[in-house]
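Heads up: the structure comes next, in structure tokens.
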Amino acid sequence: MRILILGGDGYLGWPTAMRLSALGHEVTVVDNFLRRLACLEQGLEPLIPPPPLHRRIARWRESSGQEIALRPGDATDYAFLLGVFRETRPEAVIHYAEQPSAPYSMLGHREAHLTLVNNLASTLNVAYAVRETDPACHLIKLGTMGEYGTPNIDIEEGFIELEHKGRKDRLLFPRQAGSLYHTTKIQDTDLLYFYVRMWGLRVTDLMQGPVYGLLTPEMGHDAELFPFFNYDELFGTVLNRFVVQAVAGIPLTVYGKGGQTRGYLNLVDTIECVRLALERPAEAGELRIFNQFTETFTVNELAERVQQAGRSLGLSVEVQNVANPRVEKEEHYYNPMHRGLLELGLQPHLLTHDTLRGMLEQTLRFQDNIRRDAILPRTQWK
Ligand code: USQ
């Protein structure tokens with residue numbers, strides 16, 4: 001297939017590009033390097049310095065013999081994006097080109113504005129470019145489990161059958177986000193649902209939980225192909241942060257009581273979910289929603305597992321409850337459904353002791369790069 005990946009430089013975008021390229025697809029990546037720029041502005045560095053995208057692509061060519069095409073540019077620039085669609089004629093587009101951090105979106109007005117404009121304008125542009133060039137092109141959009149929040153009822157996969165005053169309907173599941181970033185994802189879903197109904201687009205919206213992991217098979221041990229792995233409070237997801245903290249001998253930063261529950265998945269499974277969605281596209285006129293995670297954990301459970309794995313490697317891992325910088329429930333009901341991707345054939349890589357040991361061992365290789373001043377949360381929600 002001809003596949004366009006928007007946000008191909010990021011934590012998920014780059015490993016996805018390599019995987020799809022390894023499978024023989026014709027892959028083009030677009031990126032405006034927003035993540036690199038935001039890290040520079042905020043004084044943050046990923047654990048393993050990622051070479052510029054054109055160098056990673058050259059490296060991938062050397063190791064695999066496969067080509068990935070690069071079109072640097074901004075998905076919020078419609079003329080640019082439409083040009084790329086016209087040139088590459090994608091049969092599927094994977095939209096990762098969003099500002100992905102909840103804390104970043106809560107830093108202040110400038111960052112909130114950037115998040116809102118970037119995420120909504122890019123999504124609008126993708127919908128228009130698909131309609132303009134080939135309405136049959138399958139649009140795969142990365143959503144988030146955070147769109148649903150933590151309601152006191154079971155979370156369905158996207159839609160809920162409701163009976164109200166004796167009448168029934170199938171409606172989008174109620175959403176109530178916990179950050180401005182998550183709110184833009186709700187708005188993305190609404191935009192896409194609107195254009196699915198208006199124009200008959202085919203869209204898959206992947207409601208993904210926090211991702212963890214460093215390696216995918218395509219990387220081997222070649223650090224030049226490793227993903228953009230952050231461990232700071234802005235761009236690092238919780239389990240990746242805990243692994244780095246364990247290696248650095250910093251007490252694991254459990255926010256508040258640590259009963260916050262989320263649905264997690266391995267980086268390898270993220271890419272597998274996208275592949276499965278690609279190979280079995282949504283129908284024309286369908287907004288198909290999958291809840292994309294494999295297991296749920298509380299933050300305390302994650303900390304405990306990292307502690308055990310760390311101790312088995314001789315690390316002394318402590319846990320510290322720090323004041324929660326976020327506004328979120330610290331103890332709550334959480335029971336989200338996640339059948340759709342399993343039905344498509346997903347074989348989950350679960351969070352085992354060995355997986356955690358592997359992550360710790362990889363991180364130990366780069367322990368001299370860890371910046372201790374990037375760990376503690378500074379961004380307050382209130
Ligand atoms: N947390 C801690 N300690 C930390 C960092 C986080 O206790 O040092 C807690 C948070 O308060 C939260 C949970 O861990 O309750 C998850 O936090 P996170 O930073 O791993 O995830 P989040 O900010 O929600 O965002 C991440 C990705 C985002 C994605 C989302 C999926 O950055 O792109 O959409 O996970 S979900 O959380 O399901 O909305």
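Start at 1 and go down the list; that is how both ligands and their atoms are numbered.
In this structure a side-chain-to-backbone donor-acceptor pair under 3.5 Å is present from Glu233 to Arg378. Judged by distance alone, with hydrogens and angles left aside, the side-chain atoms of Asp232 form no donor-acceptor pair with the main-chain N or O of Ile375 at under 3.5 Å. Of the possible polar contacts, none joining the Asp205 side chain to the Ile289 backbone as a donor-acceptor pair under 3.5 Å is found.
For atom 33 (O) of ligand 1, the nearest protein heavy atom (residue, atom name, distance) is Pro100 O, 2.8 Å. When hydrogens are left out, the protein atom nearest atom 36 (S) of ligand 1 is Thr144 OG1, 3.5 Å; that is the closest non-hydrogen contact. Of the protein's non-hydrogen atoms, the one nearest atom 7 (O) of ligand 1 is Tyr255 N, 2.9 Å. Looking only at protein heavy atoms, the nearest one to atom 21 (O) of ligand 1 is Pro210 CG, 4.0 Å. Closest to atom 22 (P) of ligand 1 among all protein heavy atoms lies Arg326 NH1, 3.7 Å. Shortest contact from atom 20 (O) of ligand 1 to any protein heavy atom: Val238 N, 2.8 Å. The shortest contact between atom 26 (C) of ligand 1 and any protein heavy atom is with Thr237 CG2, 3.9 Å. Among all protein heavy atoms, the one lying closest to atom 11 (O) of ligand 1 is Glu328 OE2, 2.6 Å.
Taking the side chain as every heavy atom from C-beta outward, Tyr334 and Met145 approach each other to under 4.5 Å. Put simply, the side chain of Val319 does not reach to within 4.5 Å of the side chain of Asn300, judged on heavy atoms. The shortest distance between side-chain heavy atoms of Ser21 and Trp60 falls below 4.5 Å.
Within ligand 1, the atoms closer than 4.0 Å to a non-hydrogen atom of Val299 are 7 (O), 9 (C), 14 (O), numbered from 1 in the order shown. Close approach of ligand 1 to Tyr181 (heavy-atom distance below 4.0 Å) involves ligand atoms 28 (C), 29 (C), 33 (O), 34 (O). Below 4.0 Å from some heavy atom of Gly146 lie the following atoms of ligand 1, by number and element: 36 (S), 38 (O), 39 (O). Those atoms of ligand 1 that come under 4.0 Å of a heavy atom in Gln260, given as number and element, are 11 (O), 15 (O). Annotation for ligand 1: atoms under 4.0 Å from non-hydrogen atoms of Gln208 are 31 (C), 38 (O). Under a 4.0 Å criterion applied to the non-hydrogen atoms of Thr253, ligand 1 contributes the atoms 2 (C), 3 (N), 4 (C), 7 (O), 8 (O). Shown in contact with Ala102 at under 4.0 Å from a heavy atom are these atoms of ligand 1, numbered in order with element: 23 (O). With ligand atoms numbered from 1 in the order given, ligand 1 contributes 4 (C), 5 (C), 8 (O) to contacts under 4.0 Å with heavy atoms of Arg241.
Under a cut-off of 6.0 angstrom, the local environment of NE2 in His113 is sparse, with at most 12 non-hydrogen atoms contributed by other residues, nucleotides or ligands.
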For this session: Let me see the working for Gln308 and Arg305 under side chain to side chain donor-acceptor pair (under 3.5 Å), right down to the final yes or no.
Result: CA-CA 5 Å; Gln308 278 167 11; Arg305 283 176 180 235; over 6 Å; no
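By the 4.0 Å heavy-atom criterion, Ser101 is excluded from the residues contacting ligand 1. Heavy atoms of Phe235 come nearer than 4.0 angstrom to ligand 1 in no pair at all.
Relative orientation of the Tyr264 and Phe297 rings is tilted, given thresholds of 30° and 60° on the angle between their planes.
Considering all non-hydrogen atoms of both residues, Asn230 and Cys39 come closest at ND2-SG, 3.6 Å.
Shown are Arg56, Arg35, Arg55; of these, the salt bridge (Lys or Arg N to Asp or Glu O under 4.0 Å) with Asp9 is made only by Arg56.
Aromatic ring centres of Tyr104 and Phe235: separated by under 6.0 Å.
Here His182 has side-chain heavy atoms under 4.0 Å from ligand 1, and that is the only part of it that gets that close.
In terms of N/O distances under 3.5 Å, ligand 1 is not approached by Val254.
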